[in-house]
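Notes for the one structure printed next.
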Amino acid sequence: MLRPYSIHLVAGARPNFMKVAPVVHALQARQGAAREAGIDLRFSIVHTGQHYDANMSDVFFRELGIPHPDRHLGVGSGSHAEQTARIMVAFEKVVLEDRPDLVVVVGDVNSTVACSLTAKKLGVRVAHVEAGLRSFDMGMPEEINRKLTDAISDLLFVTEESGLRNLRAEGVPGDRVFLVGNVMIDTLHRNVARISAKEFVPSDAVRESCGRGKRYAVLTLHRPSNVDTREALAPIWGAISEVARQLPVLFPVHPRTRGRIAEFGLDDTGFTMIDPIGYLDMLYSVKGAALVLTDSGGLQEETTALGVPCVTIRENTERPVTVEVGTNYLVGTRPEAILAAAREILSGGGKKGKVPPLWDGRAAERIVDVLLAHPPG
Ligand code: UD1
């Protein structure tokens with residue numbers, strides 16, 4: 001008699017998809033062995049619909065081989081309260097109907113906190129992938145999401161040592177916490193060979209800027225604190241315009257940011273502004289870049305894994321290992337500091353960096369080992 005073990009995997013926004021993909025693949029790979037051990041291991045993918053544009057969502061499912069979601073909540077955009085509440089109401093129905101044994105959430109977006117809170121209140125165990133990261137900046141919506149999710153999770157999967165320290169300091173019992181490495185880097189490992197292969201053809205927009213022999217920078221900017229006001233965005237834009245005098249800047253623009261640039265009437269000379277791009281195009285662009293400028297969380301990690309210098313335009317990072325061990329420069333938002341780091345890197349003096357422990361492409365396997373060691377009830 002097989003014991004059922006049903007898992008719901010939640011994904012909602014762009015950075016979630018790269019984190020869910022390797023967990024899906026590791027679960028698929030272990031289903032046979034689990035069956036032999038008497039466990040009927042099943043999983044469903046729940047897409048909250050927080051991100052919905054084809055180039056913010058579908059392209060990742062397609063490129064990363066994530067099965068079509070079993071459930072799509074279709075919540076869309078809104079204020080934080082609206083979006084979080086809509087996800088909770090819709091996800092509650094799913095949990096009541098399906099009664100999973102475990103809900104796995106990833107990252108730090110609104111879908112993460114909304115689904116963990118919903119599951120926990122219905123008595124369903126929660127596992128959080130990418131637990132323990134802290135920017136210590138409660139002005140950041142993601143920091144609130146991280147702290148709340150970790151406070152109620154039953155299994156916490158940590159990417160770097162700082163996560164262990166943070167969770168210990170918050171009183172999370174050690175037997176719930178597992179340092180497993182970084183699932184985002186699992187996805188990177190799996191796909192880096194694909195983009196190096198001859199068959200891979202980047203999109204026209206990317207091919208025009210990147211590729212063998214081309215020297216360029218890649219920029220991403222979407223944090224509300226950096227882009228939502230003219231006072232914040234204009235000085236950053238000015239500094240990057242200076243960088244753009246030295247080399248072309250490829251800028252896949254988040255929909256939030258595109259709106260602000262137009263509203264503030266910023267001059268985009270030297271920038272190649274393109275629509276958001278898929279995972280493979282992004283990996284291809286970043287891998288060949290002389291420099292990445294960003295306020296993203298994931299790119300700080302991906303550049304460290306690839307050994308590409310990264311200038312992080314934020315006052316803090318929840319991923320300190322990328323600065324301490326990797327290629328990341330945390331420079332804040334002052335134009336002089338952004339420029340100084342970019343100049344140091346472009347003149348050849350950038351840090352070389354190392355890959356943090358356990359960022360080896362096998363984090364999801366370790367996660368599934370732990371999940372199987374903690375079966376239901
Ligand atoms: C969200 C996450 C952030 C993550 C980012 C990656 C939260 C609190 N924030 O921020 O941590 O780094 O995703 O992109 O969860 N929009 C579209 N099409 C889409 C999705 C969004 O046009 O498919 C526009 C809408 O105008 C929307 C705005 O972008 O209001 C913001 O989207 P939202 O998901 O609320 O936040 P992000 O800024 O994307």
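Just so we're clear, the structure is a prediction, and the values are computed from it rather than from any experiment. Just follow the structure's listing: the first ligand is 1, and inside any ligand the first atom is 1.
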Does some side-chain heavy atom of Leu9 sit less than 4.5 Å from a side-chain heavy atom of Val46?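 Not touching, per the 4.5 Å side-chain cut-off.
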Of all the non-hydrogen atoms in the protein, which one sits nearest to [atom], and at what distance?
atom	answer
atom 18 (N) of ligand 1	Asp53 OD2, 2.9 Å
atom 2 (C) of ligand 1	Val109 CG1, 3.7 Å
atom 16 (N) of ligand 1	Tyr52 OH, 3.5 Å
atom 8 (C) of ligand 1	Asn110 OD1, 3.2 Å
atom 25 (C) of ligand 1	Ser77 OG, 3.4 Å
atom 22 (O) of ligand 1	Pro255 CB, 3.4 Å

Greater than 12 external heavy atoms within 6.0 Å of Arg190's CZ: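 Incorrect, the count does not exceed 12.
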Test of proximity, Asn145 against ligand 1: N or O pairs below 3.5 Å: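 Between Asn145 and ligand 1, no N or O pair is found under 3.5 Å apart.
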Looking only at distances, can you tell me whether any N or O atom of His80, backbone or side chain, sits closer than 3.5 Å to an N or O atom of ligand 1?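 Between His80 and ligand 1, no N or O pair is found under 3.5 Å apart.
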If we ignore angles and hydrogens, is there a donor and acceptor under 3.5 Å between the side chains of [X] and [Y]?
X	Y	answer
Thr272	Glu208	no
Asn16	Arg14	no
Asn145	Asp108	no
Asp281	Ser203	yes
Gln50	Ser111	yes

Which atoms of ligand 1 are found less than 4.0 Å from any heavy atom of His254?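 Listed by number with element: 14 (O), 29 (O), 37 (P), 38 (O), 39 (O).
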Which of the atoms of ligand 1 are close to Met56, meaning less than 4.0 Å from one of its heavy atoms?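 The list of qualifying atoms is 23 (O).
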Would you indicate which of [options] comes nearest to [atom] when only heavy atoms are counted?
atom	options	answer
atom 15 (O) of ligand 1	Gln50, Arg256, Arg14	Gln50
atom 6 (C) of ligand 1	Gly298, Ala114, Pro224, Pro15	Pro15
atom 11 (O) of ligand 1	His222, Glu142, Arg223, Gln83	Glu142

Would you confirm whether the ring centroid of His47 sits within less than 6.0 angstrom of the ring centroid of Phe17?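 Yes, ring centres under 6.0 Å apart.
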Is ligand 1 under 4.0 Å from a heavy atom in the side chain of His51, in the backbone, in both, or in neither?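 Both backbone and side chain of His51 come within 4.0 Å of ligand 1.
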Decide yes or no on ring pair (Phe, Tyr, Trp, His ring centres under 6.0 Å) for Tyr5 and His374, but give the supporting numbers first. CA-CA 10 Å; Tyr5 190 172; His374 294 77; 9.7 Å; no
